[in-house]
Structure formats: C-alpha cells, structure tokens
Amino acid sequence: SQFEIGPTYSQINIAGKPIRVSPLRYAGLIKYLGNFRNGIEYFISVDMTTQNGELNKLANPIRYSESDWIFRDLDRHLRFKYPFALLGANNFEIDDEGNAWYVTPKLTKRIGFFNGLDSSGVILTNANTGESTFYSTEDIPDWVDRAYPSELIIQQLDWRGLYSGGYFNSMIGQRSVTSTTDGYNYVSLGTDIYLITGVTSVRADSSNLGFYYVNLRTKEAVFYACPSATETAAMQSARGKVQEKNYVPTFPVILNIQDRPVYFMSLKDQSLTAKMFALVDAEQFTNVVVGNTVKEVMALFYEQNPGE
C-alpha cells in the first residue's frame, strides 16, 4: 500500500531477453514522507515471451525518480544540472549489473534555431546516487537500449518520406512521397531493441510498401521493401478469427518466417491480459493462425505452411 506500479513500461534487453520494466513509485506525499529514507527498493519486470511478471529487489534502491519530491525529483535534478538543455522523456533501464538508471535524450535543433529536432546524445542518471553524465551519440554505452525517443524516430522517417524528392515535390507532385503507418512496435534483435513500423504511400494507404527497422540505441535504420497488407488490416483479420471472444489485437510486429513476411500480435481481453496469439500472413492477410501460447501458434503456422 506504500507504493504503486509506475504507469509506463520501458522495453529493454536483459540477458538477451526482451523485458518490459517499470519502477515502483510512492503512493502519494504521505507515503513518500514515510519511505523516502529507504528509497524505492523494487521494480516490476514482464517477460515479453512468457508474459510472466516479477517483483525484483534492487541491490541499490532508487533515490532519484519521477515520484520523488524536492531535490530528489528527477526532472528538477536534471534541470538544475543542465539548465539550458532541451531534454526528452526519461526512460527507465537496468544495466548488466542490475543497477537502475534513467536515460534522458539531450535534444538539439539541426536546422536553424527552430527546426530539425534530433538527439545529440543521452544523459545517464544513476537512480541511486543521482550522478548524471552526458554521453554523445557515438559514446553511448552498449547496455543502453533506448537512446532515441520513438516519436522522434517516427517524425524523422516521415520527414525522409516527405522531402526525399525535394520540397516542391512534397507540396505539388508528391511523387514517391511516403509516410509511416499509424503505429509502431518493438522487437529484440541480438542485444538491441528495434522500432518497427510500416511505410505506405501518401496517395494510397490501402497497403504497405515495406517496413523500417530502426535501432533505438544507434539510430541505424534499414528499410525492407515488401508490398503487403497494412498492420490495421492484419489486426482486423486476426480479430475476425476470434470474433466470438471479443479479443482486441495489439499492434503487430513483422517477422520473417520461412522467407515470408508474417505479422505477429497478441490478442487481449477487456482487462488487457494476453489470452491468445496470432500470426497473419502479411501478403495474404486472410491466412490467419491463432493459438493459446507463442509455441502453439508457431507450431500451427508451420503445420499449415510447411514450406519447401
């Protein structure tokens, strides 16, 4: 009763596994006054593969956070140390030794004084000691998973699609002008987290032209050309497969299974608990397979699509 679960979860890699983590927070000012001397000793982790949640104890408790007060309030602490910096949203992460950190992008304008928002690096704040250090983009430690805000990545991809043919083409002809689709998701590849989003033409958004994979630590981006159904169409197809259950699909990720683009998504009930999983062929989106577990849905997909 003294603490609450933080409202936002960060997806990171821990020991090669995709994990969502969130620190606990003080449940109000009175609870803070009774507990701030000991700090916040726990964080929540959710295994994205098994959906198992755990309460984890930190060796060094959190003493600087977004739920702290006065000079231990994280935003105030950073503002005093970097009074003139343009700061992005704080991202909670756990390093390889199990220590809690906040990763805060330091933003800058690349075009004049007002346009071309980008990140020049990150500020790493030790959640126990409050020590903050700035790292430029080329010096960010390898354990950091999310150095770039997702919204910034999407904005820059949209700028690329809009202006790659020149300013006047973006306004008049709009030849080969593209935009990202209405949503994105994350996937763990190796030791890094990648943002995935579809790309569609601004003239006709009934299908995708391909997909972007963007490394959230280095901002390295790869475009895979792949004409396919949109994520929204795939979600509707998966929902129709279990329409009697009234499950709601999550925004999917695109995977390469047997050299075919396949959407993967979970199906949640009204309490937002994952009840089933779905695989939807991105090119033939009426080809849908659902199962109660990830292992089951994969086995069913291979059974129905044996390949060569």
Side-chain angles (χ1 to χ4, degrees), residues 7-9 11 18-20 22 46-53 150-151 153-154 157-158 178-189 193-214 224-307:
T8 57
Y9 280 78
Q11 182 162 328
I19 305 290
R20 285 188 184 268
S22 179
V46 179
D47 190 312
M48 296 302 293
T49 303
T50 65
Q51 303 294 305
N52 292 331
S150 300
E151 293 75 13
I153 295 295
I154 294 296
L157 292 175
D158 285 337
T178 63
S179 67
T180 57
T181 49
D182 295 329
Y184 55 85
N185 212 323
Y186 308 102
V187 66
S188 174
L189 296 175
I193 298 293
Y194 284 76
L195 178 147
I196 303 176
T197 186
V199 181
T200 185
S201 171
V202 296
R203 290 186 171 183
D205 57 0
S206 59
S207 63
N208 281 354
L209 302 173
F211 301 90
Y212 276 113
Y213 278 62
V214 184
Y224 295 96
C226 176
S228 62
T230 63
E231 294 93 334
T232 301
M235 292 166 66
Q236 292 173 346
S237 187
R239 187 171 188 172
K241 189 74 172 180
V242 291
Q243 57 184 338
E244 74 283 355
K245 300 181 184 297
N246 201 29
Y247 290 161
V248 179
T250 58
F251 195 84
V253 296
I254 189 75
L255 303 175
N256 183 346
I257 302 178
Q258 293 184 324
D259 293 327
R260 291 193 62 80
V262 179
Y263 286 116
F264 172 80
M265 69 197 78
S266 60
L267 299 166
K268 297 185 176 182
D269 61 13
Q270 297 304 310
S271 64
L272 301 182
T273 301
K275 293 295 187 180
M276 302 185 76
F277 300 90
L279 289 173
V280 181
D281 192 304
E283 295 177 337
Q284 302 291 333
F285 68 98
T286 56
N287 182 9
V288 183
V289 177
V290 298
N292 294 315
T293 64
V294 175
K295 185 177 181 180
E296 180 183 345
V297 76
M298 292 296 294
L300 289 171
F301 184 85
Y302 282 119
E303 181 181 329
Q304 296 183 21
N305 303 272

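The analysis underlying the following values was restricted to heavy atoms, covering all of them including side chains, and did not include hydrogens, waters or symmetry mates. If you read the sequence from its start, that first residue is 1, and numbering goes on from there. As the structure is a computational prediction, the values presented were derived from the model and not from experiment.
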Hey, can you pull the donor-acceptor pairs under 3.5 Å for the side chains in residues 264-278, sequence neighbours left out?
residue	atom	partner	partner atom	Å
Ser266	OG	Thr250	OG1	3.2
Asp269	OD1	Ser271	N	3.0
Asp269	OD1	Ser271	OG	2.7
Asp269	OD1	Leu272	N	3.2
Asp269	OD1	Thr273	N	3.0
Asp269	OD2	Ser271	OG	3.3
Gln270	NE2	Asn246	O	3.3
Ser271	OG	Thr273	OG1	3.2

query = How about Ile154 and Leu195: do any of their side-chain heavy atoms sit closer than 4.5 Å?
reply = yes

Qualifying residues under ring pair (Phe, Tyr, Trp, His ring centres under 6.0 Å), relative to Tyr186, sequence neighbours excluded = Tyr184

ask   = Pairs in or reaching into residues 254-264: which pass salt bridge (Lys or Arg N to Asp or Glu O under 4.0 Å), with residues at least two apart or in two chains?
value = Arg260-Asp281, Arg260-Glu283

request  = Under the ring pair (Phe, Tyr, Trp, His ring centres under 6.0 Å) rule, collect the residues that match up with Tyr212, sequence neighbours excluded.
outcome  = Phe223

remark   = Sequence neighbours excluded, the answer for side chain to side chain contact (heavy atoms under 4.5 Å, CB included) partners of Leu209 is Thr178, Ser201

Pairs under 3.5 angstrom only: tabulate donor-acceptor contacts from the side chains of residues 231-242 to other protein residues two or more places apart or in another chain.
residue	atom	partner	partner atom	Å
Glu231	OE1	Thr181	OG1	3.2
Glu231	OE1	Asn208	ND2	3.2
Glu231	OE2	Thr181	OG1	3.2
Glu231	OE2	Gly198	N	3.0
Ser237	OG	Phe285	O	2.6

message = Could you report the tightest heavy-atom contact between Asn287 and Gln304, atom names first, then the distance?
response = OD1-OE1, 4.5 Å

Minimum heavy-atom distance between Ser228 and Phe211, given as atom pair plus value = OG-CZ, 3.3 Å

query = Who are the salt bridge (Lys or Arg N to Asp or Glu O under 4.0 Å) partners of Lys295, not counting sequence neighbours?
reply = none

request  = Under the ring pair (Phe, Tyr, Trp, His ring centres under 6.0 Å) rule, collect the residues that match up with Tyr194, sequence neighbours excluded.
outcome  = none

request  = Please step through side chain to side chain contact (heavy atoms under 4.5 Å, CB included) for the pair Leu157 and Val214, ending with a clear verdict.
outcome  = CA-CA 10 Å; Leu157 292 175; Val214 184; 4.2 Å; yes

remark   = Sorted by chain and number, sequence neighbours left out, salt bridge (Lys or Arg N to Asp or Glu O under 4.0 Å) with Asp182 holds for none

ask   = Which heavy-atom pair separates Leu279 from Phe301 by the least distance, and what is that distance?
value = CD1-CB, 3.6 Å

request  = Only counting residues at least two apart or in another chain, list the ones meeting ring pair (Phe, Tyr, Trp, His ring centres under 6.0 Å) with Tyr213.
outcome  = Tyr224

query = Of the non-hydrogen atoms in Glu296 and Thr293, which two are nearest, and what is the gap between them?
reply = N-OG1, 3.0 Å

ask   = Of all residues at least two apart in sequence or in a different chain, which pass the side chain to side chain donor-acceptor pair (under 3.5 Å) check with Ser188?
value = Asn13

request  = Kindly give the heavy-atom pair with the smallest separation between Leu300 and Val289, and that separation in Å.
outcome  = CB-CG1, 3.4 Å

query = Counting distance only, does the side-chain N/O of Asn185 pair as donor-acceptor with the main-chain N or O of Phe251 below 3.5 Å?
reply = yes

task = Applying side chain to side chain donor-acceptor pair (under 3.5 Å), name anything that partners Asp158, two or more places apart in sequence or on another chain.
result = Thr180

task = Step through the shown structure and confirm whether more than 12 heavy atoms of other residues, nucleotides or ligands are within 6.0 Å of CD on Gln284.
result = no

Working for side chain to side chain contact (heavy atoms under 4.5 Å, CB included), residues Ser207 and Thr200 = CA-CA 6 Å; Ser207 63; Thr200 185; 5.8 Å; no

